[in-house]
Amino acid sequence: DPPSRRLRPEEQYMAYLSRKFLLPRLVMAERLLVERYDNAAGALPDGTPSEVAGLVHRMRAEHGAALEKLERAAAGGTGGSSGGAGG
């Protein structure tokens, strides 16, 4: 009989690298960021410098776009061009 295969230390976390595991967590994290930027944008007081308000809105837009990509990927779409093989 072949010896039983032991789990090597570098393999113990491989389950955490699967798309099925990662995508829902990434979607939740990105949703939280979008919510926080929405809250920050809504809480900006009158007289906030336009550079600051613009930055908050740009960051919100960037995270919103990332969220859309992650949601498409989680739904079975491509999720963008990573250039690498998935798995």
Side-chain angles (χ1 to χ4, degrees):
D1 292 335
S4 62
R5 183 174 185 275
R6 290 183 183 232
L7 188 63
R8 292 183 287 173
E10 63 271 16
E11 293 175 333
Q12 67 183 346
Y13 299 109
M14 290 301 288
Y16 296 107
L17 298 179
S18 73
R19 284 185 180 178
K20 186 177 180 180
F21 180 85
L22 286 175
L23 277 174
R25 286 154 182 81
L26 290 171
V27 168
M28 288 187 327
E30 204 64 43
R31 278 188 188 141
L32 182 59
L33 283 171
V34 167
E35 181 181 332
R36 288 179 175 168
Y37 277 104
D38 284 342
N39 291 340
L44 291 173
D46 291 339
T48 297
S50 61
E51 300 86 21
V52 174
L55 177 62
V56 171
H57 291 290
R58 280 193 308 277
M59 294 300 294
R60 167 39 177 108
E62 287 179 19
H63 286 284
L67 176 58
E68 289 177 12
K69 287 181 181 180
L70 286 169
E71 287 175 334
R72 280 195 307 271
T78 60
S81 58
S82 63

From Arg60 atom CZ to Arg36 atom CZ, the distance as rounded to the nearest 0.5 Å: 14.5 Å

Please check if Leu23 and Val34 belong to a single hydrophobic cluster, counting links between Ile, Leu, Val, Met, Phe, Trp and Tyr side chain heavy atoms closer than 4.5 Å. yes

Separation between CZ (Phe21) and CG (Leu26), nearest 0.5 Å, reads 10.0 Å

Atom pair CZ (Arg72) and CG (Leu67), whose distance is rounded to the nearest 0.5 Å: 10.0 Å

Of all the heavy-atom pairs spanning Ala53 and Thr48, show the shortest one and how long it is. N-CG2, 4.1 Å

Which atoms form the tightest heavy-atom contact between Pro24 and Arg19, and what is the distance? CD-O, 3.9 Å

Distance (rounded to the nearest 0.5 Å) between Arg25 CZ and Lys20 NZ: 11.0 Å

CG/Leu32 to NE2/His63 distance, rounded to the nearest 0.5 angstrom? 11.0 Å

When rounded to the nearest 0.5 angstrom, what distance separates CZ in Arg58 from CD in Glu51? 9.5 Å

Membership question, hydrophobic clusters at under 4.5 Å side-chain separation (ILVMFWY): are Leu70 and Met28 in the same one? no

Would you call Arg31 and Glu71 a salt bridge, using N to O less than 4.0 angstrom? yes

